[in-house]
Every structure is written in C-alpha cells, then in structure tokens.
Amino acid sequence: MSAPVASSNSKTVPFTRAQIDEIRKTHPTPFYLYDEAAIRANVRKLNEAFSWCPSFREYFAVKATPNPRILQILMEEGCGGDCSSLGELLLCERIGMTGEKVMFTSNNTLAKDYKKAAEMGAVINLDDLSHVEYLDENVGTPDLICFRYNPGPLREGNVIIGKPEEAKFGFTREQLFTGYREAQTKGAKRFGLHTMVASNELNPQFFVETAVMLFELAVDLHKELGIRLEFVNLGGGMGIPYRPGEAALNFEVVGNGVREAYERLIGGTELDPLTIYLENGRIITGPYGYLVTEVVHAKNTYKNFVGVDACMANLMRPGMYGSYHHLSVLGKEDAPLDLTADVVGSLCENNDKFAIDRQLPQVQRGDVMVIHDAGAHGHSMGFQYNAKLRSAELLLKEDGSVDLIRRAETMDDYFATLDI
Ligand SMILES: *Cc1c(COP(=O)(O)O)cnc(C)c1O
C-alpha cells in the first residue's frame with residue numbers, strides 16, 4: 001500500500017484546538033465527538049436520493065453507534081433502527097423506536113431475542129430456513145416476515161465482508177422458495193426480502209447490482225409462489241473515504257441507478273409499488289465522529305513511536321483489520337509531514353497501533369491528535385482488555401455547544417461485576 005503523499009492534510013475537522021481545550025476542562029481525553037449538523041445533513045441527502053420511492057426508509061444499523069442520542073437524531077430524520085440482538089432492541093425501545101421502525105436482522109438467534117422483537121412489533125428478518133419453524137414454535141409466525149438472501153458465488157463480496165459463499169449469513173436461493181411457502185402455510189401474509197453483501201463499498205454500481213438482484217428475485221418469487229413482496233432491503237455496507245483523496249459514495253448516483261432498475265423491472269408490474277429499504281451504519285455516522293486523544297510520549301528505538309492516551313480498546317479497527325484512519329494534529333494541519341512514526345496506545349499488544357509508518361508533523365507531548373472517521377464501529381467495538389475503560393461520547397450540537405451523551409467509564413464500572 002502506498003503511503004499518503006506528504007502534503008497538507010485534506011481532511012478537516014469541524015472544531016478548533018481552542019474549542020477542544022475548552023471541552024477538555026470538563027471532559028478529559030480520550031473522548032469521541034460527533035458532529036450533529038453533519039449527521040443530519042448527510043441523512044437528508046440519502047433520503048432525498050431515494051425520495052422517488054415514497055415509503056423508502058433507512059434503518060440505521062444500531063451496532064455502528066449504539067448511543068440513544070444519536071439514534072434519536074436519526075429517528076427525527078426519519079430513520080428506523082436495524083437491530084441484531086436483545087440489547088439493541090431494548091435500546092430502540094427506550095427511545096420510543098418500535099413497531100415496523102425496527103428491523104430485526106439477527107443470526108444464530110435465541111428465542112428470547114425473537115420474543116422481544118415480536119413483542120415490539122419489529123420486522124423480523126430470518127437468517128436461516130430452520131428459523132421459520134423455530135420462530136413459529138417459540139413465538140408464533142408474525143403477519144410480516146422477511147428472509148435474508150445469501151447469493152453465494154453469484155456475488156463477489158470484498159475484503160471486509162468476505163465471499164458470500166463463505167459467510168455464515170442467509171438463505172440460499174432455493175431455501176428462500178421453500179421458506180416463503182412454509183411461512184405462508186404457518187400464517188404469514190406479508191413478505192420482505194433482504195440481503196447484505198457489501199461492506200465499506202465505495203462503488204455506487206455495486207448497490208445498483210444488488211437492487212437488480214433483489215428485483216429479479218422478487219419477480220421470480222411472484223411467478224413461482226404467487227407472493228407479492230412488500231419490500232426489498234438492500235442492506236448496508238455503503239463505504240466511506242477513509243483515505244484522503246478517495247471519493248465519497250454519491251447517494252444520488254445510487255438512488256438514480258436503483259430507480260432506473262426499478263422502472264425497468266418492477267414499475268408497471270403487479271409488484272409495483274415495492275418499497276426500498278437500506279440498513280447502513282458506517283456511511284450514516286462514520287465520517288462525523290472523531291476520536292480525540294492527547295500525545296503523551298514519543299519514543300525512538302528501531303522506529304519512531306508516538307504514544308497517545310487512547311488505545312485499541314477505544315478504537316479497534318486499525319488493530320483488527322489494519323484499517324486506515326486519518327490522523328490530524330490540531331493546530332499543525334499545515335506543518336510539513338517530516339516525521340514517520342507508528343501511533344500507538346498503551347495495551348500490551350503490539351497491534352495496538354492507530355497507524356504504522358504514518359507521515360506526521362513533528363509532534364510533542366500535549367499535542368491533540370484527532371482520529372478521523374471513527375463515528376461508526378468505533379466506540380461500540382470498545383472493550384476492557386488490560387483494564388482499559390470505555391471513553392465518553394460527546395455531541396457537538398448545531399449551535400456549537402457540546403453535550404455529554406455517554407459518560408466515560410470509571411474504575412467503579414470496571415469493578416462492578418466483580419466480587420472482591
Ligand atoms: C453491520 C450490518 C449493517 C451495517 O453495516 P455498515 O457497514 O455499517 O453499513 C447492516 N446490516 C447488517 C445485517 C449488518 O450486520
């Protein structure tokens with residue numbers, strides 16, 4: 001992989017060093033900071049791109065940023081929630097997101113999770129043919145049922161999500177036909193179809209192809225079984241430009257491409273109107289969340305190391321996937337990038353690195369470093385290894401003020417489950 005060009009930083013932040021210093025008086029680093037105005041503007045753009053489909057809905061993948069305040073903001077913008085566990089269902093329920101505003105896309109699911117989903121009136125999306133009976137026995141078959149399709153070798157996947165045929169998720173094509181028939185005999189009357197074959201995908205055409213795949217399948221299901229699907233859920237997986245210079249996915253191109261496919265395959269047929277759903281996480285909040293951390297040490301051995309007060313327990317993606325997250329040193333955005341260093345946390349794990357051989361400005365103890373694109377699959381993947389604590393989450397509001405939307409864990413939280 002080529003190193004980024006040593007030139008000034010093309011990724012910006014919506015706050016200044018002075019603002020961060022003010023915030024640090026009450027909230028010590030490390031902390032997450034989410035940009036409310038940018039999140040709202042972004043979701044509006046997505047909704048606009050699909051406004052040709054009157055009942056379109058984005059079900060935000062709760063696991064990406066499971067914070068009630070963020071979920072509330074998204075709900076105000078018309079989003080539903082996509083859950084995969086009992087805890088995520090409860091989180092939605094607590095903020096008043098229930099009924100068909102909740103999509104329950106789980107796998108290897110426990111009966112108690114299905115029970116809660118049914119009790120909330122959520123759309124239940126089954127991951128396996130055997131769950132048609134499991135759900136019927138444990139909870140009863142609801143009126144509305146959805147199945148997750150795994151196209152296997154028909155689609156390529158990518159490095160993050162892997163090959164569909166290797167994935168543990170979903171029904172085969174043949175199983176779908178059996179499943180709908182079986183659900184119908186068990187009393188289901190309304191049907192949806194779901195797939196999730198992308199992760200961090202930046203090519204808009206990929207999502208158009210997914211729509212074509214599901215539209216064609218909807219036509220085949222109608223022909224063979226006489227069932228008229230109510231919606232297709234194209235899943236999530238829209239990517240974000242983690243690296244400077246990468247182009248952002250254009251919602252309009254995706255929306256228009258899906259619309260053309262709709263008009264060609266569904267429009268004017270008995271399947272019209274067919275609702276389009278998405279369940280993105282990353283692209284909704286990812287670029288608008290920042291992990292703010294302070295430089296605490298510099299070390300020079302066989303290489304240069306910059307030590308910060310955040311670690312992999314706060315943001316796991318670089319250590320786990322080797323993912324690139326852009327770094328800015330506040331106030332040094334225009335300084336020459338003449339230091340090559342690994343940026344590290346304090347875990348006793350050598351993959352606790354936010355960056356390897358990154359070109360940075362000369363940094364000093366006390367500098368504030370901002371880790372970009374941490375707003376999805378960031379805080380939520382945090383853990384307590386090495387007795388590290390999860391950080392606070394803060395919301396930068398539209399008027400420039402800041403709200404604490406999750407306090408930092410304390411040592412009392414760490415000891416709360418122990419009997420000493
Ligand atoms: C994780 C997940 C999503 C969201 O993925 P993003 O890459 O954050 O868009 C959507 N649907 C399902 C079923 C998921 O597991």
Side-chain angles (χ1 to χ4, degrees), residues 24 27-34 61-68 70 84-88 90-91 107-108 159-162 168 199-200 242 281-282 285-286 289-299 301-327 341-358 365 368-394 404-420:
R24 288 162 84 199
H27 307 292
T29 53
F31 56 77
Y32 274 80
L33 187 56
Y34 302 97
V62 170
K63 71 171 190 271
T65 322
N67 185 294
I70 301 285
S84 63
S85 67
L86 179 60
E88 289 174 358
L90 292 171
L91 191 52
N107 69 92
N108 192 23
V159 279
I160 299 184
I161 201 158
K168 66 170 177 167
S199 185
N200 196 33
Y242 284 102
R282 189 187 314 272
T285 52
Y290 304 85
L291 175 55
V292 179
T293 183
E294 183 178 323
V295 174
V296 286
H297 290 292
K299 167 171 175 165
T301 51
Y302 305 103
K303 348 176 47 168
N304 298 317
F305 299 96
V306 172
V308 295
D309 64 1
C311 68
M312 189 185 168
N314 302 112
L315 176 66
M316 196 192 211
R317 299 188 70 258
M320 183 164 71
Y321 303 119
S323 338
Y324 181 94
H325 278 263
H326 200 66
L327 304 173
D342 289 9
V343 177
V344 304
S346 53
L347 289 193
C348 304
E349 262 300 326
N350 195 44
N351 59 354
D352 178 21
K353 294 183 177 179
F354 291 116
I356 296 174
D357 295 329
R358 185 68 56 88
R365 182 174 288 162
V368 173
M369 196 177 272
V370 174
I371 305 177
H372 293 252
D373 301 307
H377 310 295
H379 189 282
S380 60
M381 280 186 164
F383 54 94
Q384 287 187 332
Y385 185 61
N386 263 173
K388 294 295 176 181
L389 302 174
R390 293 181 187 85
S391 79
E393 294 184 293
L394 304 172
L404 179 65
I405 59 172
R406 184 195 302 270
R407 69 161 171 82
E409 286 179 345
T410 65
M411 280 298 161
D412 286 341
D413 294 315
Y414 183 73
F415 285 105
T417 53
L418 302 173
D419 182 16
I420 301 178

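- In this structure, NZ on K388 lies 3.0 Å from OG on S346, to the nearest 0.5 angstrom.
- Looking only at distances, no side-chain donor or acceptor of T65 sits under 3.5 Å from a matching main-chain atom of N67.
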For this session: Test R282 against N200 for side-chain contact (heavy atoms from CB on, under 4.5 Å), laying out the working first.
Result: CA-CA 8 Å; R282 189 187 314 272; N200 196 33; 3.4 Å; yes

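- The backbone N or O of H297 lies less than 3.5 Å from no partner atom in the side chain of R365, so there is not a single donor-acceptor pair.
- Judged purely by atom type and a 3.5 angstrom limit, D373 has no side-chain atom pairing as donor or acceptor with the backbone of G289.
- In this structure, the ring of Y242 has its center less than 6.0 angstrom from the ring center of H325.
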For this session: Give the intermediate values and the outcome of side-chain contact (heavy atoms from CB on, under 4.5 Å) for residues M369 and L291.
Result: CA-CA 8 Å; M369 196 177 272; L291 175 55; over 6 Å; no

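- Taking the side chain as every heavy atom from C-beta outward, K63 and H377 approach each other to under 4.5 Å.
- With a 6.0 Å radius and a threshold of 12 heavy atoms from other residues, nucleotides or ligands, D413 has its CG atom above the threshold.
- With sequence neighbours excluded, the residues satisfying side-chain hydrogen bond (donor to acceptor under 3.5 Å, both in side chains) with E409 are Q384, R390.
- Applying the side-chain hydrogen bond (donor to acceptor under 3.5 Å, both in side chains) rule to D352 yields no partners; only residues at least two apart in sequence or on another chain are considered.
- Closest approach of L91 and P68 over heavy atoms only: CD1-CD, 4.1 Å.
- Distance NZ/K353 to CG/L347: 12.5 Å, rounded to 0.5 Å.
- For R24, the side-chain hydrogen bond (donor to acceptor under 3.5 Å, both in side chains) partners at least two apart in sequence or on another chain are D21, E294.
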Problem set entry | Working for side-chain contact (heavy atoms from CB on, under 4.5 Å), residues F354 and V344 | CA-CA 6 Å; F354 291 116; V344 304; over 6 Å; no

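- Ring orientation note: the planes of F383 and Y385 are tilted relative to one another, at an angle of 30° to 60°.
- Across every non-hydrogen atom of V306 and A341, the tightest pair is CG2-CB, 3.9 Å.
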For this session: Show your reasoning for whether side-chain contact (heavy atoms from CB on, under 4.5 Å) applies to R317 and Y324.
Result: CA-CA 8 Å; R317 299 188 70 258; Y324 181 94; over 6 Å; no

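- Surrounding NZ of K299 are at most 12 heavy atoms belonging to other residues, nucleotides or ligands under 6.0 Å away.
- The two residues A392 and L404 make their nearest non-hydrogen contact at CB-CD1, 3.8 Å.
- In terms of heavy-atom proximity, N386 sits nearest to C348 at OD1-N, 2.8 Å.
- Note that the OH atom of Y34 and the CZ atom of R406 stand 7.5 Å from one another [nearest 0.5 Å].
- When atom types are taken as modelled, the side chain of S391 and the backbone of A408 share no donor-acceptor pair closer than 3.5 angstrom.
- The closest side-chain donor-acceptor pair between T293 and T29, if any, does not fall under 3.5 angstrom.
- For S85, there are no side-chain hydrogen bond (donor to acceptor under 3.5 Å, both in side chains) partners at least two apart in sequence or on another chain.
- Summarising the geometry, atom CG belonging to L394 is positioned 13.5 Å from atom CZ belonging to R407; distances are rounded to the nearest 0.5 Å.
- Applying the side chain to side chain contact (heavy atoms under 4.5 Å, CB included) rule to S380 yields the partners P66; only residues at least two apart in sequence or on another chain are considered.
- The structure places NE2 of H27 at 10.0 Å from CG of L33, a figure rounded to the nearest 0.5 Å.
- Using a cut-off of 4.0 Å between Lys/Arg side-chain N and Asp/Glu carboxylate O, K303 and D342 are scored as salt-bridged.
- Listed by chain and residue number, L86, E93, K116 satisfy the side chain to side chain contact (heavy atoms under 4.5 Å, CB included) test with L90 (two or more places apart in sequence, or in another chain).
- Put simply, the side chain of Y32 gets close to the backbone of N314: a donor and an acceptor are under 3.5 Å apart.
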